[in-house]
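Keep in mind that this is a model prediction, so the values were computed, not measured. Atoms within a ligand are numbered from 1 in the order they appear, just like the ligands themselves. Side chains are part of it too, since the values below use all heavy atoms of this structure and drop only hydrogens, waters and symmetry mates.
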Amino acid sequence: MDNIKNTDPEIHSLIQQEELRQATKIRLIASENYVSRAVLEATGSVLTNKYSEGYAGKRYYEGQQIIDQIEQLAIDRAKDLFGAEHVNVQCYSGSPANIAAYLAFLKPGDTILGLALPHGGHLTHGSPVSISGKYFNAQSYELDPGTGRLNYDTIRQRAREVKPKILIAGHSAYPRILDFKKFRDIADETGALLMVDMAHFAGLVAGQVHPSPIPYADIVTTTTHKSLRGPRGAMILCKKQHGAAIDKAVFPGVQGGPHDNTTAAVAIALKEASSDSFKDYTAQVVKNSAVLAEKLAANGFSLITGGTDNHLMLVDLTNKNISGKQAAKALDRAGIVLNYNAVPFDKRKPFDPSGIRLGTLAVTSRGFKEPEMIKIGEFITRIVSAPTNDEMIAKTAQEVTALCGSFPAPGLEHLV
Ligand SMILES: *Cc1c(COP(=O)(O)O)cnc(C)c1O
């Protein structure tokens, strides 16, 4: 980063500090990961200099000889990896991708039905504070109060009641796999389009450790930076018949020029995600998640649904007499970074809810396996039971740094 150092020492110093933070902390935020050096290089390449509104072969500016090939490669790789008929790789991020999907099929006031935000849905699935809840008639379904799981009978009943134009499946905080066939049947029965937002688990689908929504959904949206381990970005995958509507909704509907540097980085991430080593990575992500969940449960933590099938878990801390926020703050001081999170039917307020969310995407990318998960479970148990014990927090922070020192993080190998 010599050029940044010369031009802007302040930003240089801050990036260096963030590098060190990412290298030396145990990062359990379920949506975060470590991308490869190759992805970082593409993101920082001269492709950022280009404007390319439109699509390959139909651009509004000249000089697209190279960009067209880059975008086509990204599209072809996504089609291959996921078995999709049509792919748009221009979406700036997950939220605009979802808005584009709505724009393609809905008019203002039309009905959408998605998982409620406090139950693990995303803001863009119809939350009242989001454009998705303000411009559309946003209805929601909730988790089963008994099991903490999706209840497909309840979802069917809600769909019959509200007759959504789009039924949304997908989540940001649900620890179990989804039954896409059941969602498809409900959509068919109620005349809805089925949209699956696989932002969190797309990488697990690519690695074949989570069922694929592609055969069932009309539209699939995903971010590229969570389990897929690419740059900040998003894609929409859909049936051929919806391709033109989706492309028109992304550009010119919601966006202007695509971020070509990101598109190249997405292409690289897709190539990486089609390798055998990525399959191994995703299998380890799920194993690590299961081991951490088991360890926490053994230590008296209450896990929503009792465990996990994917990369994440939700822990209700009510029986530990600590709020999610207090726990998250104390853990952060000990070098374990995660987020406080509402649990289903939470009695506390969203800004200080009862739970924490943990994910294993990032720690698995740095090579952590089962033994390290057990250690993390022990660290968490220790901190949550004594969140104001400064001495113990400081000691744990040292242990965390030492553990991270033995597992250089991708892109940050130069720091250990
Ligand atoms: C993260 C996420 C998004 C939004 O992605 P951004 O890139 O943060 O806009 C959309 N849907 C789901 C389910 C997500 O988890």
Side-chain angles (χ1 to χ4, degrees), residues 27-33 35 39 43 88-104 112-127 129-133 136 138 140-143 150 166-178 180 183 194-206 210 212-213 217 219-238 246 249-250 254-255 258-259 261-263 265-266 269 285 289 308 310-314 338-342 344 357-362:
R27 298 171 57 231
L28 297 177
I29 292 178
S31 50
E32 293 184 357
N33 211 330
V35 301
V39 167
T43 306
N88 186 304
V89 295
Q90 293 193 358
C91 308
Y92 296 149
S93 213
S95 302
N98 286 349
I99 303 311
Y102 301 148
L103 180 68
I112 57 175
L113 176 62
L115 180 60
L117 183 69
H119 289 246
H122 190 259
L123 283 165
T124 55
H125 297 178
S127 159
V129 299
S130 152
I131 185 171
S132 63
F136 303 109
S140 58
Y141 54 89
E142 297 188 340
L143 297 173
L150 292 170
I166 296 184
L167 171 65
I168 307 156
H171 59 80
S172 306
Y174 183 67
R176 297 296 178 178
I177 57 175
L178 305 181
F180 299 120
F183 272 110
L194 177 62
M195 168 170 148
V196 176
D197 180 350
M198 63 171 183
H200 257 266
F201 53 87
L204 306 187
V205 171
H210 188 293
S212 173
I219 321 138
V220 176
T221 60
T222 183
T223 56
T224 47
H225 48 273
K226 297 177 183 174
S227 52
L228 209 48
R229 214 161 62 177
R232 310 302 290 224
M235 306 188 289
I236 303 179
L237 307 91
C238 64
I246 286 292
V250 173
V254 171
Q255 300 185 173
H259 298 175
N261 54 328
T262 300
T263 307
V266 166
V285 162
S289 186
T308 174
N310 59 20
H311 62 298
L312 70 83
M313 66 207 74
L314 257 186
L338 45 70
N339 64 284
Y340 55 87
N341 211 100
R357 185 185 67 159
L358 301 79
T360 55
L361 295 176

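Remark: distances from the non-hydrogen atoms of Met198 to ligand 1 are all 4.0 Å or more.
Closest to atom 3 (C) of ligand 1 among all protein heavy atoms lies His122 NE2, 3.2 Å. The single protein non-hydrogen atom nearest to atom 7 (O) of ligand 1 is Ser93 OG, 2.4 Å, given as residue, atom name and distance. When only non-hydrogen protein atoms are considered, atom 12 (C) of ligand 1 lies nearest to Asp197 OD2, 3.3 Å.
For His259 (side chain) and Asn261 (main-chain N/O), no donor-acceptor pair under 3.5 Å exists by modelled atom type.
The N/O atoms of Gly94, backbone and side chain alike, include one that comes under 3.5 Å of an N/O atom in ligand 1. Inclusion of Lys226 in the set of residues having an N or O under 3.5 Å from an N or O of ligand 1 is warranted. Distances between N or O atoms of Thr223 and those of ligand 1 include no value under 3.5 Å. When only interatomic distances are considered, the shortest N/O to N/O separation between His125 and ligand 1 does not fall below 3.5 Å. Close N/O approach between Arg232 and ligand 1 is not found [any backbone or side-chain N/O within under 3.5 Å].
Side-chain contact between Met198 and Val205 is present, with heavy atoms from C-beta onward closer than 4.5 Å. In this structure, the side chains of Leu312 and Leu361 stay at 4.5 Å or more apart for every pair of heavy atoms.
Ring pair His311/His200: centre-to-centre distance below 6.0 Å.
The contact set between ligand 1 and Ala199, taken as ligand atoms under 4.0 Å from a residue heavy atom, comprises 2 (C), 11 (N), 12 (C), 13 (C), 14 (C), 15 (O). Near His200, the atoms of ligand 1 lying under 4.0 angstrom from a non-hydrogen atom of the residue are 15 (O). Ligand-side atoms of ligand 1 in range of His171: 13 (C), 15 (O), range being under 4.0 angstrom from any heavy atom. Residue contact check: Ser95 has heavy atoms under 4.0 Å from atoms 4 (C), 5 (O), 6 (P), 9 (O) of ligand 1.
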Under the side chain to side chain donor-acceptor pair (under 3.5 Å) criterion, do Asn33 and His225 qualify, and how do the steps go? CA-CA 7 Å; Asn33 211 330; His225 48 273; over 6 Å; no
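In this structure, the ring pair (Phe, Tyr, Trp, His ring centres under 6.0 Å) partners of Phe183, at least two apart in sequence or on a different chain, are Tyr152.
A donor-acceptor pair shorter than 3.5 Å cannot be found between the side chains of Ser95 and Ser93.
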